[in-house]
Amino acid sequence: RGAPGPFWRLVGGITAVWVGFAAVAASAQMALAQAGLLGPWGGSASFALSSALLIGAGAYQFTPLKSACLSKCRAPLAFFMSRWDAGPWRMGLVLGAICLGCCAALMGLAFVGGAMNLAFMTGAMALMFLEKLPEVGAPVTRPLGLGLIAAGLALPFLT
């Protein structure tokens, strides 16, 4: 209709989900740092924590929830057309939750490579981006999961 209000309500819904996730992640970071499990760059100082995060993120790649979220991310027009009647705020909340369902486990790997490590975070962002592309994403998701699980299992033997 040309009015900017609905767009900003959609963005507001998405933002609300991610602000909530950021609060949870920041709380986890503070708790892990206080427990001595994170180094100064926000990366894990514990092989057990790193292994658990890698294996957990890898296993999540094979879950029905991850597949469902990715199917929506890879076909955003179908998502918008099927949810149009919900209104922009609720669509934004649902879209934010779907996006979170795609990326949260991989974002948790920031505690492995370091939340302040620009190279690691750039690589993680590139993987999340590739995974959402319709033609490229499907062949990336499961091998990425296998690679993460393998890395998590191998990590204790690398020291």
Side-chain angles (χ1 to χ4, degrees), residues 1-35 37-38 41-44 49-50 52-145 147-149:
R1 295 180 191 159
F7 172 76
W8 291 113
R9 287 193 291 273
L10 175 77
V11 171
I14 296 168
T15 302
V17 170
W18 282 102
V19 167
F21 175 76
V24 170
S27 297
Q29 184 176 11
M30 288 189 295
L32 291 168
Q34 287 177 347
L37 296 174
L38 295 182
W41 290 96
S44 175
L49 175 63
S50 294
L53 288 170
L54 286 164
I55 292 168
Y60 184 70
Q61 295 292 102
F62 297 95
T63 65
L65 179 59
K66 174 77 175 198
S67 296
C69 291
L70 278 174
S71 71
K72 303 279 189 288
C73 283
R74 290 178 183 151
L77 184 58
F79 166 81
F80 284 114
M81 296 305 289
S82 68
R83 303 241 191 238
W84 197 254
D85 292 340
W89 171 254
R90 287 182 51 197
M91 271 196 321
L93 289 173
V94 172
L95 186 58
I98 289 168
C99 188
L100 181 63
C102 286
C103 300
L106 293 175
M107 291 183 77
L109 296 179
F111 293 132
V112 175
M116 300 300 290
N117 182 332
L118 187 57
F120 180 84
M121 295 306 293
T122 300
M125 186 254 343
L127 283 173
M128 287 182 256
F129 175 76
L130 287 174
E131 201 174 39
K132 291 182 180 200
L133 295 174
E135 295 83 25
V136 177
V140 168
T141 301
R142 293 187 185 276
L144 176 59
L148 292 170
I149 291 169

Could you pull out the closest heavy-atom pair between [X] and [Y], with the gap in Å?
{"X": "Leu109", "Y": "Leu148", "answer": "CD1-CD2, 3.7 Å"}
{"X": "Cys69", "Y": "Gly101", "answer": "SG-CA, 3.7 Å"}
{"X": "Cys73", "Y": "Cys102", "answer": "SG-SG, 3.3 Å"}

Separation of [Y] [atom2] from [X] [atom1] (nearest 0.5 Å):
{"X": "Leu49", "Y": "Leu54", "atom1": "CG", "atom2": "CG", "result": "9.5 Å"}
{"X": "Tyr60", "Y": "Cys103", "atom1": "OH", "atom2": "SG", "result": "9.0 Å"}
{"X": "Leu32", "Y": "Phe111", "atom1": "CG", "atom2": "CZ", "result": "5.5 Å"}

Distance-only criterion, 3.5 Å: show the donor-acceptor pairs between side-chain atoms of residues 87-98 and protein atoms not counting sequence neighbours.
none

Donor-acceptor contacts, no H, no angles, side chain residues 18-31, under 3.5 Å, sequence neighbours left out:
residue	atom	partner	partner atom	Å
Ser27	OG	Ala23	O	2.9

Only distances under 3.5 Å count here; give the side-chain donor-acceptor pairs of residues 119-133 to other protein atoms, sequence neighbours excluded, each with its distance to 0.1 Å.
residue	atom	partner	partner atom	Å
Thr122	OG1	Leu118	O	2.7
Glu131	OE1	Lys66	NZ	2.9
Glu131	OE2	Gln61	NE2	2.5
Glu131	OE2	Thr141	OG1	3.3

